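Structure first, commentary second.
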Amino acid sequence: MNLEERFNFRVSPSDGWYALVDCNNFYCSCERVYNPSLKERPIVVLSNNDGCIIARSNEAKLLGIGMGEPYFKMKSILQKHKITAFSSNYELYGDLSHRVMETLRTITPYVEVYSVDEAFTFWPHRLKPTLDALRQFRERVIRWTGVPVSIGLAPTKTLAKVAAKVAKKRADGCYILEEPDEYLLQQVEVEDIWGVGRRYARKLRKIGVHDAAAFAKLPDDDWIRSQFTVVGLRTVYELRGISCLGLEMLEPERKGICHSRAFSQPITNYKEMREAFFTYLTRASTKLRSRGLYARAMQIWLQTNRFAEEPYYSNAAVVQFPVASQDFFEMSQYLEPMLQSIYTDGYRYKKIGILFLDLCNETGIQPDLFDNIPRTRNAALLNVMDRLNSRYGKLTVHAASCGKERPWEMRREKLSPVAPNWRQLAVVKAK
DNA sequence: TCTGGGGTCCTAGGACCC
DNA sequence: TCTGGGGTCCTAGGACCC
């Protein structure tokens, strides 16, 4: 019996070679592109609100700086080792990410953008790249973008992930894993396997499986499926060299769009909370419009600080729109009553969010007979606002409901002095 | 004082139908 | 007293990713 019938999954129709191109310490590398004097110096990049450390240069890793450490706990250690910290600048990173991906597309059309700092490329057997070719690809990306990358080539995506990890430790930044190499897979701890998270890793260790080679060798496929679902079984097959995950070049349609963020300081009154929600709605609906999507439902939520030693409170509300919408002004009418239904006085709120669900594009909209929203007029106005904000910076023009002061806004004290995108750079120059 | 944000996929179980 | 069986749809929760 074949795998498809037995376990309900398909083996990749396109047999060949997968190369994972992985940007090294991506956010740190981006900061260096705009400030070359940081080269070979230890640096870290912080999460929103300068909360914790989410990227480290090799030098910082060597100094023992851990991933995800809260910044306030590490401040003195960073100072002691003269490690420079940066607030994250996602517009800048997105821009550089795009340039890396475009460079890869000059090498092959078979590119899957897997994340902001990773891409898979596919090569049929007869076009399998040599190690020398991989080195040239790598050189091109570095020369054209300034971002250093590692490239791992293997017969499956999961093995390409392993190969890229090996590549990262090599001087030439490239590695080819010809086949599932028993000795090499023994060096890969279960936690480091792509698709195995903390929970599954603990479960595997408990039964005496400590490395990728042992995982691949588990004898009973039905048992693996029962314990780790079909996803885990796929991982095992991929480790065995049987490709189950193909290249996905088309960006999948989004199922939800979300905007959520912690405040720099807690909100304790309704007026500020209202302004915060309208600001978040502005950002979330802008995201929706920029992707050409419409939502049929909207969820909002708020919560207090889950780390603080004070009573925890969280609440949420959902609304279905009569007609799928991307219209900030229409949504605004729903927002206030929703907020009133979940807001309770007397708490110190730390984080809120807005989630759009049940998305469709323009052709999927079902009109409503009794619709009385001036959609065309609102759309035209929002279009102008979006263009102004993209040129002159977010929230340059916005509804009055967003408030003026916004003291709760995200902290970004360590932002590098770089215009976040080209158009804004032009504005800065023109001043 | 300060602890990220934004996604996807799979499964089990309940509701409901005939 | 007897307490079907099979199908679909939806949701919550758990797992994972960067």
Side-chain angles (χ1 to χ4, degrees), chain A residues 7-9 20 22-23 25-27 44-55 66-76 78 85-90 93-94 97 112-120 157-158 161 164 190-204 225-235 238 244-245 248 251-266 280 283-284 287-288 291 293 297 299 301 303-310 312 316 318 348 350-359 407-408 410-414:
Chain A
F7 299 116
N8 186 29
F9 71 80
L20 177 67
D22 193 348
C23 301
N25 317 323
F26 183 55
Y27 295 169
V44 298
V45 174
L46 309 173
S47 65
N48 288 323
N49 271 322
D50 297 345
C52 38
I53 293 169
I54 54 167
M67 180 73 171
E69 296 281 359
Y71 176 50
F72 74 93
K73 281 189 187 167
M74 302 299 287
K75 241 176 189 164
S76 58
L78 296 184
F86 292 94
S87 302
S88 42
N89 184 345
Y90 291 108
Y93 310 152
S97 170
E112 172 188 339
V113 177
Y114 177 67
S115 73
V116 70
D117 66 337
E118 282 172 68
F120 286 103
K157 282 179 157 182
T158 307
K161 277 273 195 182
V190 280
E191 302 53 27
D192 296 335
I193 302 169
W194 188 45
V196 176
R198 269 210 333 272
R199 288 296 177 85
Y200 283 177
R202 207 184 313 152
K203 207 160 154 179
L204 283 167
R225 191 185 191 287
S226 74
Q227 295 300 303
F228 303 97
T229 80
V230 64
V231 180
L233 187 58
R234 258 183 227 139
T235 301
E238 288 248 324
C244 305
L245 305 167
E248 288 169 33
E251 213 185 308
E253 300 222 328
R254 293 203 176 275
K255 310 242 158 83
I257 282 189
C258 165
H259 181 75
S260 96
R261 230 167 226 36
F263 305 130
S264 58
Q265 46 179 276
Y280 281 45
R283 298 207 180 105
K287 224 187 265 188
L288 210 52
R291 291 178 161 80
L293 293 171
Q299 182 178 30
W301 71 92
Q303 62 192 63
T304 58
N305 188 347
R306 63 185 202 282
F307 297 103
E309 287 183 23
E310 54 190 45
Y312 181 73
V318 192
R348 293 156 47 82
K350 186 61 188 170
K351 189 175 175 181
I352 63 171
I354 294 187
L355 171 65
F356 291 122
L357 289 159
D358 219 345
L359 307 182
W408 38 268
M410 159 160 94
R411 195 178 309 127
R412 286 168 105 187
E413 285 166 1
K414 305 280 183 180

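If you're wondering where the values come from, they're calculated on a predicted model, not measured in any experiment.
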Exercise. If we only count heavy atoms from C-beta on, is the A:Leu78 to A:Tyr71 side-chain gap below 4.5 Å?
Worked result: yes
Is any side-chain nitrogen or oxygen of [X] closer than 4.0 Å to OP1 or OP2 of [N]?
| X | N | result |
| --- | --- | --- |
| A:Arg225 | B:dC10 | no |
| A:Ser47 | B:dG5 | no |
| A:His259 | B:dG5 | no |
| A:Lys161 | C:dC18 | yes |

Round to the nearest Å and state the distance from [X] atom [atom1] to [N] atom [atom2].
| X | N | atom1 | atom2 | answer |
| --- | --- | --- | --- | --- |
| A:Lys350 | B:dG5 | NZ | P | 9 Å |
| A:Tyr200 | B:dC10 | OH | P | 11 Å |
| A:Leu233 | B:dC9 | CG | P | 18 Å |
| A:Lys351 | B:dC2 | NZ | C1' | 15 Å |

Problem set entry | First encountered from the 5' end of DNA chain B, between A:Gly51 and A:Ser260 | A:Gly51
Seminar exercise, completed: Partner of A:Lys157 under salt bridge (Lys or Arg N to Asp or Glu O under 4.0 Å), picked from A:Glu238, A:Glu112, A:Glu118, is A:Glu112
Nearest to the side chain of [X], heavy atoms from C-beta on, is which of [options]?
| X | options | value |
| --- | --- | --- |
| A:Asp117 | C:dC18, B:dG6, B:dC9 | C:dC18 |
| A:Tyr90 | B:dG4, C:dC16, B:dT11 | B:dG4 |
| A:Cys52 | B:dG7, C:dC17, B:dT3 | B:dT3 |

May I ask you to say what [X] touches in the nucleic acid, namely base, sugar-phosphate or nothing, with a heavy-atom cut-off under 4.0 Å?
| X | result |
| --- | --- |
| A:Glu118 | sugar-phosphate |
| A:Leu46 | nothing |
| A:Ile193 | sugar-phosphate |
| A:Gly256 | sugar-phosphate |
| A:Arg254 | sugar-phosphate |

Problem set entry | Strand partner of B:dC18, provided both Watson-Crick or wobble distances fall under 3.5 Å | C:dG5
For this session: Can you tell me, in whole Å, how much space there is between the C1' of B:dC16 and that of C:dG4?
Result: 16 Å
